[in-house]
Q: 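One structure coming up, written as structure tokens, with questions to follow.
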Protein chains: 2
Amino acid sequence: MGEKGSAKRNRIIAAADTLFYEQGYNLTSFSDIAEAAGLPRGNFYYYFRSKEEILAAVIDHRLQHIRVLLNDWNTTWQDPRERLKRFVQMLRNSADELMRLGCPIGSLSSELGKTQRPLQSQARAMLDLFRDWIAEQLAALGMTEPDIETCALHLITVGQGISLVASVYQDRTMLTREATALDDWIDALGATDARAQGTSR
Amino acid sequence: MGEKGSAKRNRIIAAADTLFYEQGYNLTSFSDIAEAAGLPRGNFYYYFRSKEEILAAVIDHRLQHIRVLLNDWNTTWQDPRERLKRFVQMLRNSADELMRLGCPIGSLSSELGKTQRPLQSQARAMLDLFRDWIAEQLAALGMTEPDIETCALHLITVGQGISLVASVYQDRTMLTREATALDDWIDALGATDARAQGTSR
DNA sequence: GTCTATACCTTGATAGAC
DNA sequence: GTCTATCAAGGTATAGAC
């Protein structure tokens, strides 16, 4: 693939990607990644200078994945409302994983936010992709700033809340209910006065 | 105080409580706690058999703190709506800490949910206290199951989403806006048809 | 009850043979 | 490019002196 497309390097990234999600960043050791990737530990430092660099590569990899996802949605749906509902549908489709491990973006950000803020800033780029894409759909619906920013972050916010509560309570029903409420919220967008719309309904 | 009220034991719990919030559970070592508590490491094992036992004690301590908090609210406000708004006000009052470190309950639960589910179950008890208290207020407003459970979890859900997004984006404005929206949501509770109320507005 | 000393393991990272 | 051997540091936990 790209300029950094060594096969072994990619195997390391793929293994780390999974483990960072399943165990968290801090609890995942080089040994864990080495075992999952089927490579000896010492080989890592040829591809990455440190654990942080592996995380940066994993984030890049996830960013690429999200871009592909959003592109897919853009080509499959034209109506902004349908696109936004596709975002909500993603929550439903990921229910099993969300209940088991939470949101991969949210849990990583939460972890990094405590003692590794610079890395959290990198992770935030993943949320930014979704936020900006949502903002584009809201603009297409005729919404203007600052309502766009408000509503875009509202969708992200509820999505994160759903992920955490579903994980803590192991509750699929709650996730489904909140997703339905978000669909209704999307339907109501711009239906009445856009100013009062805000995040209150 | 209680039967387990050794002064040194309490110092360990207090130090661990702070550090678990600031650094997370996994990244906090015995050395960290010992330094903060001003005690030698070896002394810990007289009071706690393991790090997990310290966490259990910290959770108990936090549970007690939450019970006192809710009791305070109950004696200060009689109107269920005022009480619920006090919960929202807590989010605003904690804005600085939430932006810096996220929700102490949510971030801990997220961390433990990956590889230490039994401990996460213990941490969930903290959320349960808030959820049950919210449910009591909703019942006092004339709401019935299953709407009570739905709406109670909705408040928790949005609170968690707010905490995470405020932490990731270091955005106080977003927190304030969502809090205002929650106040409106509380005002609207039971104002119209209770069934349609649900979580959608 | 309190503290020192330390055992034993795993960690991230390095050196250097092949 | 790949891998083995190993480092120093820090982790949890224990033994045992006081």
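Letters A, B, ... are given to chains in the order of the sequence lines, protein chains preceding strands, and every chain is numbered from 1. Atoms considered below: every heavy atom in the structure, side chains included; atoms not considered: hydrogens, waters and symmetry mates.
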Q: Who are the side-chain contact (heavy atoms from CB on, under 4.5 Å) partners of B:Thr18, not counting sequence neighbours?
A: B:Glu22
Q: Round to a whole Å and report the spacing from CZ of A:Arg11 to C1' of D:dT2.
A: 12 Å
Q: Going by side-chain contact (heavy atoms from CB on, under 4.5 Å), name the residues that satisfy it together with A:Leu164, two or more places apart in sequence or in a different chain.
A: A:Val168, B:Ser110, B:Gln160
Q: Can you tell me the distance, in whole Å, between the CD atom of B:Glu35 and the P atom of D:dG10?
A: 12 Å
Q: For B:Tyr47, answer base if it contacts any base atom (sugar-phosphate contacts may also be present), sugar-phosphate if it contacts only those atoms, and nothing otherwise; contact means non-hydrogen atoms under 4.0 Å.
A: sugar-phosphate
Q: Take nucleotides 3-18 of chain C nucleotide by nucleotide from the 5' end and write B, S or -, depending on whether a protein heavy atom sits under 4.0 Å from the base, only from the sugar-phosphate, or from neither.
A: BB-B----SSBB----
Q: Find the distance A:Arg9:CZ to D:dT2:C1' and express it as a whole number of Å.
A: 17 Å
Q: Could you give all pairs that pass the ring pair (Phe, Tyr, Trp, His ring centres under 6.0 Å) test and reach residues 16-42 of chain A, with sequence neighbours left out?
A: A:Phe20-A:Tyr25, A:Phe30-A:Phe44, A:Phe30-A:Tyr45
Q: Taking only residues at least two apart or on different chains, which pairs with a member in residues 55-78 of chain B satisfy ring pair (Phe, Tyr, Trp, His ring centres under 6.0 Å)?
A: B:Trp73-B:Trp133
Q: Does B:Phe87 have any ring pair (Phe, Tyr, Trp, His ring centres under 6.0 Å) partners at least two apart in sequence or in another chain, and if so, which?
A: B:Phe130
Q: Considering non-hydrogen atoms only, spot the tightest contact between A:Thr28 and A:Lys51 and give its length.
A: O-NZ, 2.9 Å
